[in-house]
Protein chains: 2
Amino acid sequence: MPTDHATKTPTIEPIRRDTRQRRAVRDALAHAKAFVSAQELHAALRETGDRIGLATVYRALADLAGDAEADVIQSDDGETRYRACDTDAHHHHVICRECGLTVEVQADTVERWLASVAAEHGFVEAEHTVNIFGMCAECARAR
Amino acid sequence: MPTDHATKTPTIEPIRRDTRQRRAVRDALAHAKAFVSAQELHAALRETGDRIGLATVYRALADLAGDAEADVIQSDDGETRYRACDTDAHHHHVICRECGLTVEVQADTVERWLASVAAEHGFVEAEHTVNIFGMCAECARAR
DNA sequence: TTAGGTGCAAAACCTTTGCACACAG
DNA sequence: CTGTGTGCAAAGGTTTTGCACCTAA
């Protein structure tokens, strides 16, 4: 039995309205193959002619993350970046430092190791973050 | 001069002066058992009567991190937190969500998995970050 | 002597919030 | 209708920077 993260859904799902802005953010995120920041997403939407406020983008992304519809990562330069989850299952990321290309990966072996390490040290309710950064094949070739 | 990242130690170690402030930051960090932010460290130093500027703390911590003398982590609330490395060897962390207690851990098995996953997807020059968050035995007991 | 370090305040950034108004349900 | 969502600008928080002065080497 793997560690339960949000095992029992609080049943009380927040009611979200289906607005044009919300759809735009969701779509833009779905089409991004890399982790993007709120500012970047906002700029991208504006370029396509979408009229949407920056605060709205922040709020929409925060909600998506809260609803587990998007993964979140803190970049080194202090930005919060989001990405639409490819899968609902627990997973990790391999991210290209150059272009941002991100691949989702999983491995029970590692999951078990992570859990056992936490237990060995007496830690309970353990969660974890695993991220692999490198240069993708294409960017490496372009060098 | 090859501009490679930090692959081969650049021999050209920056010359750092041994100042009172630098020592204070280094010491304070060494005595902290958890990851601390620049602001926290600054506040702590001031409380002990140390006269030191916030900007100086930021600069000192950035240098320590650059010299691989401190580990860095981005907290969820967007703060950059530092911790003196217990070991020079590559390692990961098990962090208590309550008190911040941090334990360094290593495991070749996982290292190999991380490397192979990156390779499988065609990524080169792969690095990674692994962090386990949980509640340490003591904090769990205190519940 | 002289280059790196320090302090302070200003500036730069990212993100959140208050509030009036718009609009989905 | 009602209450969530939106926009804008202001505010909040962290980190960086410009610049004159200090000081280790």
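Letters A, B, ... are given to chains in the order of the sequence lines, protein chains preceding strands, and every chain is numbered from 1.
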Report task. Could you check whether Arg46(A) gets within reach of a base, just the sugar-phosphate, or nothing at all, counting any heavy atom under 4.0 Å? Result -> sugar-phosphate
Query raised in the report: Are Ser37(A) and dC14(C) close enough that a side-chain N or O sits under 4.0 Å from OP1 or OP2?
Result: no
Report task. Give the rounded distance in Å between these two atoms: CD of Glu79(A) and C1' of dA12(C). Result -> 13 Å
Query raised in the report: Is any side-chain nitrogen or oxygen of Gln21(A) closer than 4.0 Å to OP1 or OP2 of dT6(D)?
Result: yes
**Report entry** Residue pairs fulfilling ring pair (Phe, Tyr, Trp, His ring centres under 6.0 Å) with at least one residue in residues 13-35 of chain A, sequence neighbours excluded
**Finding:** Phe35(A)-His93(A)
Query raised in the report: Is the number of heavy atoms from other residues, nucleotides or ligands within 6.0 Å of CZ (Arg20(B)) greater than 12?
Result: yes
Requested in this report: Scan nucleotides 16-25 of chain C nucleotide by nucleotide, 5' to 3', and note B when protein non-hydrogen atoms come under 4.0 Å of the base, S if they reach only the sugar-phosphate, - if neither.
Outcome: BBB----BBS
Query raised in the report: Just how far, in rounded Å, is P of dT14(D) from CG of Leu41(B)?
Result: 14 Å
Report summary line: Here the distance between atom P of dG12(D) and atom CD of Gln39(B), to the nearest Å, is 15 Å
Query raised in the report: Quick one: bend of the helix from dT1(C)-dA25(D) to dG25(C)-dC1(D) from 5 pairs per end, to 10°?
Result: 40°
Query - Ion pair check, Arg83(A) and Glu104(A), cut-off under 4.0 Å - result: yes
Query raised in the report: Is there a side-chain polar atom (N or O) of Thr56(A) under 4.0 Å from OP1 or OP2 of dG5(D)?
Result: no
Requested in this report: Would you indicate whether Gln106(A), at its atom CD, is surrounded by more than 12 heavy atoms from other residues, nucleotides or ligands within a distance under 6.0 Å?
Outcome: yes
Report summary line: Taken to the nearest whole Å, CG/Asp76(A) to P/dC13(C) is 18 Å
Report task. Nearest whole angstrom, please: distance from the C1' of dC8(C) to the CZ of Arg51(B). Result -> 15 Å
Query raised in the report: Can you name the nearest heavy-atom pair linking Ile73(A) to Phe133(A), along with the distance?
Result: CD1-CZ, 4.3 Å
**Report entry** Qualifying residue for side chain to side chain contact (heavy atoms under 4.5 Å, CB included) with Leu45(A), from Ile52(A), Thr56(A), Asp27(A)
**Finding:** Ile52(A)
Report task. Indicate the ring-plane relationship of His92(A) and His128(A), choosing parallel, tilted or perpendicular according to the 30° and 60° boundaries. Result -> tilted
